[in-house]
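These notes concern the structure reproduced below.
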Amino acid sequence: MDTPLTTIAVVGLGTMGTGIAEVLARAGREVVGIDISEAAARQAVASLEASTARSVARERITEQERRDILARFRTFSDLQAAADAELVIEVVPETYEIKQQVFRELDAVVSPAAILATGTNALSVTRLAAESQRPERVLGLHFFNPAPAMKLVEVVSSVLTAPPAVESVTQLARELGKEPVAVGDRPGFVADGLLFGYLNQAAAMYEANYASREDIDAAMKLGCGLPMGPLALLDLIGIDTARTVLEAMYTASHDRLHAPAPVLGQLSEAGLTGRKAGRGFYTYDAPGGQTVVPDALTPAESAGAVTGRTVSSVGVAGSGTMASGIAEVFAKAGYAVVLAARSQEKADTAKARIAKSLGRSVAKGRLTEEARDETLARITPAGSLDSFADVDLAVEAVAEDLEVKRQLFQTLDKVCKPGAVLATTTSSLPVVAVARVTSRPEDVIGMHFFNPAPAMKLVEVVRTVLTADDVHATVREVCVKVRKHPVDCGDRAGFIVNALLFPYLNNAIKMVEEHYATLDDIDAAMKLGGGYPMGPFELLDVVGLDVSLAIEKVLHSEFRDPGLAPAPLLEHLVAAGCLGRKTGRGFREYARR
């Protein structure tokens with residue numbers, strides 16, 4: 001390994017540079033902070049003083065340790081101050097011209113053994129290295145914001161980078177308490193390469209007026225467990241920054257999924273760049289503020305002016321995990337539920353599954369035995385859809401096969417009373433296709449629950465062009481009564497969540513196909529850098545590779561975008577019967593139970 005990195009210069013003392021300097025100083029490194037703006041340098045010192053004071057107040061460090069940290073951080077306005085640094089990390093504005101100028105000046109200042117690291121997340125490390133006098137000593141060191149809190153560091157090698165330099169900064173990252181991930185040189189690297197494509201698709205979805213900003217963000221938070229919705233995250237990152245990253249990705253990939261959505265350019269050119277400007281997709285209480293305030297696009301309180309139909313009894317068709325979960329949700333909320341399967345035996349088995357689920361809730365203290373018994377008493381298992389004759393709402397949760405659903409809806413049309421609402425839980429099929437086989441398409445709507453239904457708060461409410469207003473109002477009212485969060489979207493493949501989630505998963509598979517990064521590194525990058533509860537390959541194996549492939553095919557068929565074509569590796573694994581956890585092998589192998 002190279003010489004130890006004890007003196008480190010940070011060039012550019014904006015938010016990211018200040019955060020990196022803090023991490024280094026707290027870890028015992030001598031830090032030389034450099035910025036042409038004296039105000040930025042003063043702000044960096046003030047920020048470190050404030051954060052260390054908070055640490056003392058919380059008894060995480062002593063007052064002496066605080067003084068030592070502050071003494072290790074010195075600021076300057078001239079790059080000459082980096083002369084003795086073994087490592088220089090630049091985090092100046094994201095343009096080749098500025099970064100190349102910094103690298104040219106550093107070449108004349110630092111020792112031949114010094115490592116030069118760029119903090120870029122969008123520009124080519126190779127291009128920056130090639131114009132340096134020491135290309136073998138240039139690499140990328142991409143921290144995530146806020147640097148003190150975020151664990152991920154992407155260590156980016158170009159074809160010119162010497163392995164000892166990579167080894168040195170990787171070891172440094174570990175000593176800083178970070179999780180280094182080794183990646184090659186391409187725009188966005190791993191985390192941003194996957195993240196910004198997803199953010200771009202969300203912006204395009206909003207621009208198409210397919211769903212409101214609030215519903216898009218709520219859907220991804222509640223449906224995927226993400227810490228922030230995509231549009232709120234774009235406001236936090238900076239819409240201009242996101243546009244720059246996407247333009248660099250599109251230049252390299254020519255993938256239309258990376259072509260910046262026009263709304264990003266329009267907002268940037270109008271100066272509506274997000275939180276820092278006080279307005280982006282949302283409006284904030286002040287420039288740099290965090291509190292969202294109402295604006296012209298905020299939904300009015302009287303949005304639900306249409307009165308829904310009365311629902312006191314619910315029919316759930318199906319006997320699988322989803323059908324059982326939905327029946328449990330309705331019964332817990334006080335509805336009389338008819339759970340119909342293809343046979344009485346299957347219906348009884350489904351009710352037994354619900355009893356077991358409720359028993360677990362009792363054991364964990366979440367439910368009383370009395371409430372369990374009352375809930376089970378509200379569920380009537382039946383072996384025929386004829387039992388739906390008097391229900392006010394019929395919800396199907398059968399196989400994700402269009403012909404199967406069509407046949408079921410033809411039966412519901414004959415069996416259910418006039419005025420009953422007919423809902424499908426499809427996650428990928430066109431709702432209108434099942435509506436049209438009935439004589440009352442105005443009564444048909446999508447009601448997409450997420451698995452496991454008792455735990456997941458989200459329901460995507462999918463209107464077709466034929467759905468009646470009072471049917472839509474009915475389903476939204478019912479969602480609230482069963483303590484779910486309804487989001488509205490139109491009738492197109494994937495609705496909100498799957499339309500944004502599966503292209504992201506597909507792109508992760510393509511990264512592995514191209515040998516750009518390993519499964520483990522990609523999963524770690526998205527959990528540590530993006531705050532995702534699961535990495536993409538963990539999630540794919542849980543969802544099921546066959547299910548994932550089917551959804552990818554539906555999205556590709558509907559949108560006709562080459563970038564949505566299922567990754568060949570996914571198709572090969574499905575063909576081999578490697579479907580994920582349920583078969584013991586998917587992208588990873590699992591112990592048989």
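Remember, it's a predicted structure, so these values are computed and weren't measured experimentally.
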Query raised in the report: Using the ring of each side chain (for Trp, its six-membered ring), is Tyr198 parallel, tilted or perpendicular to Tyr504, with breaks at 30° and 60°?
Result: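 Tilted.
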
Distance-only criterion, 3.5 Å: show the donor-acceptor pairs between side-chain atoms of residues 452-462 and protein atoms not counting sequence neighbours.
unit_1, atom_1, unit_2, atom_2, d
Glu460, OE1, His448, ND1, 2.8
Glu460, OE2, Ile496, N, 3.1
Glu460, OE2, Val497, N, 2.8

Query - Cationic N near anionic O, under 4.0 Å, Asp235 to Arg213 - result: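 The answer is no: the pair does not qualify as a salt bridge.
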
Report task. Could you tell me whether Glu514 and Arg186 make a salt bridge, using a distance below 4.0 angstrom between a side-chain N and a carboxylate O? Result -> yes

How about [X] and [Y]: does a side-chain donor come under 3.5 Å of a side-chain acceptor?
X      : Y      : value
Arg353 : Ser324 : yes
Thr375 : Glu328 : no
Glu442 : Thr467 : no

All N/O donor-acceptor pairs, side-chain side in residues 533-543, below 3.5 Å, sequence neighbours left out:
unit_1, atom_1, unit_2, atom_2, d
Glu538, OE1, Lys527, NZ, 3.1
Glu538, OE1, Gly535, N, 2.8
Asp541, OD1, Phe587, N, 2.9
Asp541, OD2, Phe587, N, 3.3
Asp541, OD2, Arg588, N, 3.2
Asp541, OD2, Tyr590, OH, 2.5

Would you mind writing out the side-chain donor-acceptor pairs for residues 387-399 within the sub-3.5 Å range, not counting sequence neighbours?
unit_1, atom_1, unit_2, atom_2, d
Ser387, OG, Ser384, O, 2.7
Asp392, OD1, Lys417, NZ, 2.7
Asp392, OD2, Ser312, N, 2.8
Asp392, OD2, Ser312, OG, 3.0
Asp392, OD2, Ser313, N, 3.1
Asp392, OD2, Ser313, OG, 3.3
Glu396, OE1, Val398, N, 2.9
Glu396, OE1, Lys405, NZ, 3.1
Glu396, OE2, Lys405, NZ, 2.8
Glu396, OE2, Thr424, OG1, 2.4
Glu396, OE2, Thr425, N, 3.3

**Report entry** Other residues, nucleotides, ligands: >12 heavy atoms within 6.0 Å of Glu403 CD
**Finding:**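 Above 12, so yes.
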
Query raised in the report: Any chance CD of Glu345 has more than 12 other-residue heavy atoms, nucleotides or ligands included, within less than 6.0 Å?
Result: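 Counting neighbours around CD of Glu345, 12 or fewer heavy atoms of other residues, nucleotides or ligands fall under 6.0 Å, so no.
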
Query raised in the report: Do the side chains of Leu564 and Asn506 get nearer than 4.5 Å, heavy atoms only?
Result: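 Not touching, per the 4.5 Å side-chain cut-off.
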
Query raised in the report: Hey, does Lys510 have a side-chain heavy atom less than 4.5 Å from the side chain of Leu569?
Result: no

Query raised in the report: Sequence neighbours excluded, which residues qualify as ring-ring contact (aromatic ring centres under 6.0 Å, His included) partners of Tyr516?
Result: none

Show every donor-acceptor pair shorter than 3.5 Å between a side-chain atom in residues 430-438 and any protein atom, with sequence neighbours excluded, or say none if there are none.
unit_1, atom_1, unit_2, atom_2, d
Thr438, OG1, Ala435, O, 2.7
Thr438, OG1, Arg440, N, 3.2

Query raised in the report: Tyr206 side chain to Leu231 main-chain N or O, any donor-acceptor pair under 3.5 Å?
Result: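 Looks like no, no N/O pair under 3.5 Å.
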
Query raised in the report: Side chain of Lys481, backbone of Ala333: donor and acceptor closer than 3.5 Å?
Result: no

Going by atom type alone, with no hydrogens or angles, which donor-acceptor pairs under 3.5 Å involve a side-chain atom of residues 251-265 and a protein atom two or more places apart or on another chain?
unit_1, atom_1, unit_2, atom_2, d
Thr251, OG1, Glu247, O, 2.8
Ser253, OG, Met249, O, 2.9
Ser253, OG, Asp255, N, 3.1
Ser253, OG, His258, ND1, 2.8
His254, NE2, Thr251, O, 3.4
Asp255, OD1, Leu257, N, 2.9

**Report entry** Non-hydrogen atoms of Leu339 and Ala323 that approach each other most closely
**Finding:**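 Closest heavy-atom pair between Leu339 and Ala323: CD1-O, 4.3 Å.
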
